[in-house]
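A, B, ... follow the sequence lines: proteins, then strands. Residue 1 opens every chain.
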Amino acid sequence: MKVYLDNAATTKLAPQVLEAMMPYLTDTFGNASSIHAYGRVAAGAVAEARATIAKLIGADSDEIFFTSGGTESDNWAIKGAAFAEKNKKGHIITTEIEHPALLQATKWLEGQGFSVSYAKINKDGFVSVEQIKQLIREDTFLISVMFANNEIGTIQPIAEIGKIASEQGILFHTDAVQAMSSIPIDVKAMNIDLLSMSAHKFNGPKGIGALYIKRGIKLDSLVVGGHQERSRRGGTTNTAGIVGMAKALEIACANMEANNAKILGLRDYFIDRVLAEIPYTFLNGSRENRLPFNANISFDYIEGESILMSLDLAGIAVSSGSACSSGALEPSHVILALQVPIEQAHGSIRFTLGHDTTKEEMDYTIEKLKECVEKLRAWSPLFNVQSGKGYYV
Amino acid sequence: MYNDKVLEIFANPKHIGIMEDASAEGIVGNASCGDIMKVFLKIENDVIVNASFQTFGCTAAIASTDTAMGMIIGKTLDEALAITNADVVEQLEGLPPQKIHCSVMAEEAVREAIANYRGAQKAE
């Protein structure tokens, strides 16, 4: 059996999405910037897709700017906002659990003379609105807090933070890359000024994303070289990608409630069984206010990458927060931010379900997981099979 | 990423597990770094007659140490000490660059075990 439980990494393209894209990958191949008929057809499809996406997040068409994906959207939002304020070299507030696309952009800005505060999260994986409020300085020009975390799925109090930012006249950006498929978003009601999204996280194609930029907000361009996207983001329009993204978001939003309920049921069944049937395991991050498709579990006394590869040999695809899985020396910054001891962070595995995940697949995963944890613990110098107990040295 | 040979050894390691009658043990690394390697050697007349290991470590650590154990069995202590992680990596037909350090653990743990053994011999 093959089981794909890495939907936070990427999702399968929905068949209807491919169908919607096909004309723009074949006969209707025109450049959307061309003024001839080929171009006009492509431009029309892009305009329609832009309107669809805008409507689904409560924005207007002229506030949606297509990019190559979440990483570019995050970089554009952060660097673009900073350099629109370049003579001030002001202050940015973000959190310690952001995606590297965000954190490396803020680190880079620190090198350019900007100052950045990283809000801590609590043991459940949430940032406190009060803390954000306290971090605000006279020169704070941007707050960026991810909508939902990519590793542990915890959903942050975005509307509350948006309200505070709006009251203080501070720009508010959110990386909604993980959240789009599970949470209804209304940028106006939530006081969001900038929002990053990426199509391949909601069964759309890879290589296409968007940045919502509230009308009137000044943002320096990151990618220059053309008049595309109203001269704010250069590069030939990815017509098929854009059409696919709109179709994927349309489907995700239309089926959100039903999908969420189904996935949540399976996810909770999985967590309950794993925690009950495999000793020395625990859930990383709160179970409440968490993306319905995310489970992140630490397995004591064994190392995450070897769990990942053992499951892979059984046909099950997951991801790990261990240092070894990324080639880094430190385990996941998100798991460490939960104040999970470093040894236990090395043993964390993320299981992310998809719309087509079945109970049979979860049962198979649990069986294989039991086998591989038992095997790896027998191989571990930190676990005594006879006594059934482990210890960290 | 990992080649087929590495994955095959990881799937079916031959020398993994605790050894009750070991002549010497060597342990290196720590859990906070994400890897611990413990090596058991059975030594008779200065020759390694059996070797096994336990690990809190990744695929590369398991595959490279299992390979190293296979390479040192039947060798004298001095011959075993001459085997380096580069020899192990060669035997595995390569490891991803960021995983080379995992293969060093095997070499270090073997050195540690042999040093412990020789230290104990001297004390007797």
Item to check | Over 12 non-hydrogen atoms of neighbours within 6.0 angstrom of NZ in A/Lys123 | outcome: no
Next on the checklist: Which one wins on heavy-atom pair count under 4.5 Å against chain A: B/Pro13, B/Gly17, B/Pro96?
Outcome noted: B/Pro13
Item to check | ring pair (Phe, Tyr, Trp, His ring centres under 6.0 Å) against A/Phe383, all qualifying residues, sequence neighbours excluded | outcome: A/Tyr301
Next on the checklist: Looking at A/Glu110, I want to see if its CD is surrounded by more than 12 non-hydrogen atoms of other residues, nucleotides or ligands under 6.0 Å.
Outcome noted: yes
Next on the checklist: My understanding is that only residues two or more places apart in sequence, or in another chain, count here; which of them pass side-chain contact (heavy atoms from CB on, under 4.5 Å) with A/Ser306?
Outcome noted: A/Glu303, A/Leu376, B/Phe10, B/Ile62
Checklist entry - How many angstroms lie between atom CH2 of A/Trp379 and atom CG of B/Asp66, to the nearest 0.5 angstrom? => result 8.0 Å
Item to check | Where B/Leu7 and A/Leu313 come nearest, the two heavy atoms and their spacing | outcome: O-CD1, 4.5 Å
Next on the checklist: Can you list the residues of residues 44-55 of chain B that sit under 4.5 Å from chain A, counting heavy atoms only?
Outcome noted: B/Gln54, B/Thr55
Item to check | Closest approach of B/Phe56 to A/His346 (non-hydrogen atoms, all atoms of both residues) | outcome: CZ-CB, 4.1 Å
Checklist entry - How would you list, by chain and number, every residue that makes a ring pair (Phe, Tyr, Trp, His ring centres under 6.0 Å) with A/Phe351, sequence neighbours excluded? => result A/Phe270
Item to check | Greater than 12 external heavy atoms within 6.0 Å of B/Glu90's CD | outcome: no
Item to check | Gap between atom CD1 of A/Ile342 and atom CG of B/Asn30 - 0.5 Å precision | outcome: 8.5 Å
